[in-house]
Amino acid sequence: MASSLQNLSAYNENNIPDAKGMRFGIVVAEWNRHITGALYDGCVSTLLKHGVSEADIVVVQVPGSFELPAGAVALHQKTVLDAVICLGCVIKGETNHDEYINQAVANGLTQLTISTGKPHIFGLLTVLNEAQALDRAGGKHGNKGVEAAVTAVRMVATFK
Ligand code: RBF
C-alpha cells in the first residue's frame with residue numbers, strides 16, 4: 001500500500017506561503033469527536049504556525065459530517081472568508097451510510113468551491129475502522145487536520 005507506514009503530514013514548512021492576513025472558516029463534525037477534535041487541533045496549530053491570527057479563524061460545529069457543507073454555508077453568511085476547512089470522520093459500519101455521507105460531502109464541497117470561488121477543503125476521514133482513523137488523527141499516518149490546513153493556505157495563495 002502506498003501510504004504504508006508513511007507519515008503523510010510531514011512537509012517542508014519553508015515551502016508554504018506566509019498565511020498572515022488570510023481568513024479561514026473551520027467546520028468540525030461532532031460525530032467521532034475524539035477523532036475530529038485531534039484533526040481540529042492539528043489544523044488550528046498549523047494555521048497559527050504559518051502566520052494566521054486567531055482573530056482570522058472562525059469555527060462552527062455541526063452534528064455530523066453530512067452537515068459539513070451546510071456549516072460552510074452558515075459561515076459564509078456570517079463573515080467574509082478566504083477558504084473553509086471541513087473536518088469530519090465517517091467510519092464504515094454494517095450499512096452503506098458511509099458511502100452516501102462521504103459522496104454528499106465531496107459533492108457539496110466541490111459545488112461550494114465552484115459557486116463561491118473559494119477553496120473548501122475536504123478534511124474528512126473516510127475510514128474502515130477506528131484504528132485507521134486514529135492513525136490519521138495524530139498517529140502513524142500523521143494528522144489529516146495538518147494536511148487540510150496546509151492545503152488551505154496553499155490554495156488561498158493560489159487564488160490571490
Ligand atoms: N456522521 C459522522 O460524521 N460520522 C459517522 O461515522 C456517522 N455515521 C452515521 C451512521 C448512520 C447510520 C447515520 C444515520 C448517521 C451517521 N452520521 C455520521 C451522522 C450524519 O453525518 C448526519 O449527521 C445525520 O445523518 C443527520 O443528517
Side-chain angles (χ1 to χ4, degrees), residues 1-11 22-48 52 54 56-79 81-156:
M1 203 189 330
S3 65
S4 180
L5 298 179
Q6 275 185 329
N7 178 342
L8 300 176
S9 304
Y11 65 98
M22 294 181 182
R23 274 180 66 74
F24 293 96
I26 303 178
V27 190
V28 195
E30 291 168 357
W31 261 74
N32 300 312
R33 70 168 72 229
H34 61 302
I35 304 289
T36 62
L39 298 177
Y40 174 80
D41 291 344
C43 179
V44 170
S45 62
T46 302
L47 293 177
L48 296 177
V52 180
E54 277 187 38
D56 285 328
I57 301 174
V58 187
V59 182
V60 67
Q61 295 195 14
V62 293
S65 296
F66 187 79
E67 284 74 39
L68 289 170
V73 171
L75 287 182
H76 285 302
Q77 289 176 352
K78 284 188 219 295
T79 186
L81 298 165
D82 293 310
V84 180
I85 302 165
C86 295
L87 303 173
C89 172
V90 176
I91 300 178
K92 189 159 188 62
E94 291 181 3
T95 63
N96 290 335
H97 68 274
D98 60 311
E99 295 174 20
Y100 290 95
I101 297 171
N102 296 339
Q103 197 63 61
V105 176
N107 289 341
L109 298 187
T110 302
Q111 283 175 21
L112 279 170
T113 297
I114 292 166
S115 64
T116 62
K118 308 211 167 152
H120 287 70
I121 307 303
F122 186 89
L124 178 65
L125 298 183
T126 59
V127 291
L128 300 180
N129 52 53
E130 187 187 26
Q132 287 187 344
L134 290 167
D135 285 346
R136 290 157 179 80
K140 70 182 180 194
H141 290 314
N143 186 324
K144 295 295 173 189
V146 171
E147 294 178 42
V150 170
T151 303
V153 169
R154 291 187 56 201
M155 288 308 297
V156 170

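Atoms within a ligand are numbered from 1 in the order they appear, just like the ligands themselves. What you are looking at is a predicted structure, and each value in this text was computed from that prediction instead of being measured. Atom set for the values below is all heavy atoms of this structure, side chains included, hydrogens, waters and symmetry mates excluded.
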| N/O of Ile101 under 3.5 Å from N/O of ligand 1, yes or no? |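 No, Ile101 has no N/O under 3.5 Å of an N/O on ligand 1.
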
Which residue and atom name correspond to the protein heavy atom nearest [atom], and how close is it?
atom                    : value
atom 21 (O) of ligand 1 : Phe66 N, 3.0 Å
atom 10 (C) of ligand 1 : His97 CD2, 3.2 Å
atom 6 (O) of ligand 1  : Ile91 N, 3.2 Å
atom 1 (N) of ligand 1  : Trp31 CG, 3.3 Å
atom 23 (O) of ligand 1 : Glu67 OE1, 2.6 Å

For [X] versus [Y], what's the shortest heavy-atom pair and its separation?
X      : Y      : answer
Ala133 : Leu125 : O-CD1, 3.8 Å
Ala149 : Ile85  : CA-CD1, 4.1 Å
Leu87  : Cys43  : CD1-CB, 4.1 Å

| Heavy-atom distance from atom 26 (C) of ligand 1 to the protein below 4.0 Å? | yes

| said: Regarding atom 3 (O) of ligand 1: of the candidates Ala29, Ser65, Gly93, which has the closest heavy atom? | reply: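 That would be Ser65.
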
| message | Given 3.5 Å as the limit, does a donor-acceptor pair link the side chain of His120 with the main chain of Lys118, or not? | response |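 Yes: the side chain of His120 pairs with the backbone of Lys118.
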
| Within-4.5 Å side-chain heavy-atom neighbours: Leu109 and Ile121 | no

| Do Tyr11 and Val146 come close enough that some side-chain heavy atom pair is under 4.5 Å? |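 With C-beta onward as the side chain, the pair touches.
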
| said: If we set the cut-off at 4.0 Å for heavy atoms, which region of Asn32 has an atom near ligand 1: side chain, backbone, both, or neither? | reply: side chain

| query | Does some non-hydrogen atom of Val90 fall short of 4.0 Å from ligand 1? | reply |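 It does; at least one heavy atom falls under 4.0 Å.
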
| said: If we only consider heavy atoms of Cys89, is any one of them less than 4.0 Å away from an atom in ligand 1? | reply: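 Judged by the 4.0 Å heavy-atom criterion, Cys89 does count as contacting ligand 1.
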
| query | Is Arg23 salt-bridged to Asp82, cutoff N-O under 4.0 Å? | reply | no

Table please: side-chain donor-acceptor pairs of residues 24-42 below 3.5 Å, with sequence neighbours left out.
from	atom 1	to	atom 2	distance (Å)
Asn32	ND2	Cys89	O	2.8
His34	NE2	Glu130	OE2	2.6
Thr36	OG1	Ala29	O	2.8

